[in-house]
Each structure stands twice: as C-alpha cells, then as structure tokens.
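Structure record follows, encoded as structure tokens.
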Amino acid sequence: MTEPLKSCPSGLKVLIDQPAIHEKVHQLADQILSDHDSRKPLILIGVLKGSWVFLADLARALSPFPLKIDFIQASSYGDQTESTGNILLLNDLQIDVCGKSVILVEDIVDTGYTLRHLADILATRKAESVKICTLLDKPSQRKVKTQIDYIGFTIPHHFVVGYGMDAHEDFRHLPFIAYLSENTE
Ligand code: IMP
Ligand code: MG
C-alpha cells in the first residue's frame with residue numbers, strides 16, 4: 001500500500017487519513033443498517049459536488065441493502081471559502097421522493113444553510129422521512145440549527161479539502177482529508 005502522508009501536496013496538512021475514513025464510513029453504514037428495514041425502499045441523495053466520493057463509499061458499505069441513488073446540486077459558496085447564505089439549486093433530483101425514506105448525504109455541514117434549504121425542498125415534496133448523514137460536521141460557524149442524524153467526524157474551524165471536497169475545484173481527488181495551511185513542515 002502506498003504511504004498516503006507522503007503524497008500530500010504542499011500547502012496542505014492531513015487532518016483525517018484513509019484508514020480513519022474507511023473505518024468511519026463502515027461505522028456509519030452499520031448505524032444506517034440498524035435503523036432501516038430492508039423491506040422499505042431507501043433513497044440516498046448525494047449533495048454535489050462535494051459528497052460524490054463519500055456517497056460512493058457509503059453506498060458500497062451498505063450493500064446488499066436495497067438502495068436507490070440520486071443527486072442534487074446546490075451551491076452556496078461561489079468562489080469563496082465563506083458561505084453567503086444564498087443557496088442556488090443547480091441540478092435537481094430525477095427520482096420522485098414522495099412517500100419515500102430519504103437520506104441526504106453531505107460532505108460537510110458548516111453554516112447549515114445548504115442543509116436547511118435542501119431539507120425544506122424534500123419536505124415540500126412529501127418525502128416520508130428525511131434523515132441527514134454528513135461525513136464532517138464543522139459546528140463553529142453554524143448559523144442555522146440543524147438536526148443531523150449521522151455524523152462521521154466533528155472538526156475544528158479549518159477549510160478542508162480532499163475526499164470529494166475542493167478549494168477552487170482543486171483537490172477533490174485526494175483520498176484523504178486535509179486542510180489548507182501555510183505551515184506544512
Ligand atoms: P453550509 O451551507 O455553510 O453548511 O455549507 C455546506 C457546503 O459548503 C458543504 O456541503 C460543502 O460543499 C461546502 N463547504 C463547507 N465547508 C467546507 C470546507 O471546509 N471545505 C470545502 N467545502 C466546504
Ligand atoms: Mg456539500
């Protein structure tokens with residue numbers, strides 16, 4: 001196996017390495033499995049773009065539980081690293097969630113604006129239940145009270161990248177989670 005820490009680009013510091021992510025994804029999958037009846041359809045909704053890697057790993061960790069998977073794309077940051085609170089719906093779902101159990105899969109919850117907006121949309125479409133699963137929770141900047149059902153890691157106030165998350169569209173493909181740092185020695 002390659003040594004993940006040696007491949008960290010300069011300007012970044014590893015916050016959560018691959019083995020820790022792998023273990024956490026399987027723990028989250030176990031929690032979800034114990035909360036859900038496999039006779040009821042469950043829809044995982046990935047919030048693009050940041051959740052794409054997490055959703056792919058989580059869905060496979062849930063196998064063979066029957067799932068449908070869809071995506072929704074929202075943007076609150078634009079090109080900034082601070083949320084504006086103005087949420088744009090960039091791409092909508094294809095599956096009708098009416099009467100269905102849904103888990104919204106997020107990479108990270110920061111202010112909570114995105115989550116509130118998307119949860120409101122799913123509620124107006126009469127999903128039977130809407131649960132939230134986020135890999136990372138960054139509560140230090142929370143602006144909106146949010147009920148999160150499944151949390152991977154609670155992290156301090158860093159801007160993080162990797163494992164799907166970006167800074168100006170860079171670093172999404174890194175297999176670990178790192179934070180932007182000037183001091184990398
Ligand atoms: P919120 O609306 O402020 O909760 O932000 C939610 C979205 O902003 C997340 O789903 C991410 O896509 C993005 N985001 C928030 N914090 C970070 C970060 O530290 N790194 C990368 N993206 C982030
Ligand atoms: Mg996101």
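Residues: numbered from 1 along the sequence shown. Counting convention: from 1, in listed order, for ligands and their atoms alike.
Side-chain contact between Leu180 and Val161: present, with at least one pair of heavy atoms (C-beta onward) separated by less than 4.5 Å. When side chains are defined from C-beta on, Gln27 does not count as touching Asp30, because their heavy atoms never get closer than 4.5 Å.
Using a cutoff of 4.0 Å between basic side-chain nitrogens and carboxylate oxygens, Asp70 and Lys100 are not scored as salt-bridged.
When each atom of ligand 1 is checked for a heavy atom of Lys138 under 4.0 Å away, the hits are 16 (N), 17 (C), 18 (C), 19 (O). Near His158, the atoms of ligand 1 lying under 4.0 angstrom from a non-hydrogen atom of the residue are 19 (O). Below 4.0 Å from some heavy atom of Thr111 lie the following atoms of ligand 1, by number and element: 1 (P), 2 (O), 3 (O), 4 (O). Near Ile108, meaning under 4.0 Å from any of its heavy atoms, are these atoms of ligand 1: 6 (C), 9 (C), 10 (O), 11 (C), 14 (N), 15 (C), 16 (N), 17 (C), 19 (O), 23 (C).
Under 4.0 angstrom from ligand 1, the non-hydrogen atoms of Glu106 all belong to its side chain. Using a 4.0 Å cut-off between heavy atoms, Asp166 contacts ligand 1 through its backbone alone, with no side-chain atom that close. With a 4.0 Å heavy-atom cut-off, ligand 1 is reached by no atom of Lys49.
To the nearest 0.5 Å, atom CD1 of residue Ile16 and atom CD of residue Glu23 are 12.0 Å apart. The structure places CE of Met165 at 14.5 Å from CG of Asp170, a figure rounded to the nearest 0.5 Å. To the nearest 0.5 Å, the span separating CG on Leu44 from CD1 on Ile95 amounts to 9.5 Å.
Inclusion of Ile87 in the set of residues having an N or O under 3.5 Å from an N or O of ligand 1 is not warranted. The shortest N/O to N/O separation between Gly112 and ligand 1 falls below 3.5 Å. For a threshold of 3.5 Å applied to N or O pairs, the pair formed by Val109 and ligand 1 contains no separation below that value.
Applying side chain to side chain contact (heavy atoms under 4.5 Å, CB included) to Ile132 and the options Val102, Ile148, Ile151 leaves one that passes, Ile148.
Heavy-atom proximity to atom 2 (O) of ligand 1, evaluated over Leu136, Val161, Thr114, is greatest for Thr114.
Note: Tyr179 and His158 have parallel aromatic rings, judged against thresholds of 30 and 60 degrees for the angle between ring planes.
Ligand 1 does not have Val47 within reach: every non-hydrogen atom of the residue lies 4.0 Å or more from it.
Protein atoms that are N, O or S and lie under 2.8 Å from the Mg ion (ligand 2) are these: Glu106 OE1, Asp107 OD1.
When the shell of 6.0 Å around CD of Gln94 is examined, it contains 12 or fewer heavy atoms from other residues, nucleotides or ligands.
No donor-acceptor distance shorter than 3.5 angstrom exists from the side chain of His22 to the backbone of Gln18, with no hydrogens or angles considered. Remark: side-chain polar atoms of Arg172 are not paired, donor with acceptor, to backbone N or O of Tyr163 under 3.5 angstrom.
When the side chain to side chain contact (heavy atoms under 4.5 Å, CB included) test is applied to Ala119, no partner is found at least two apart in sequence or on another chain.
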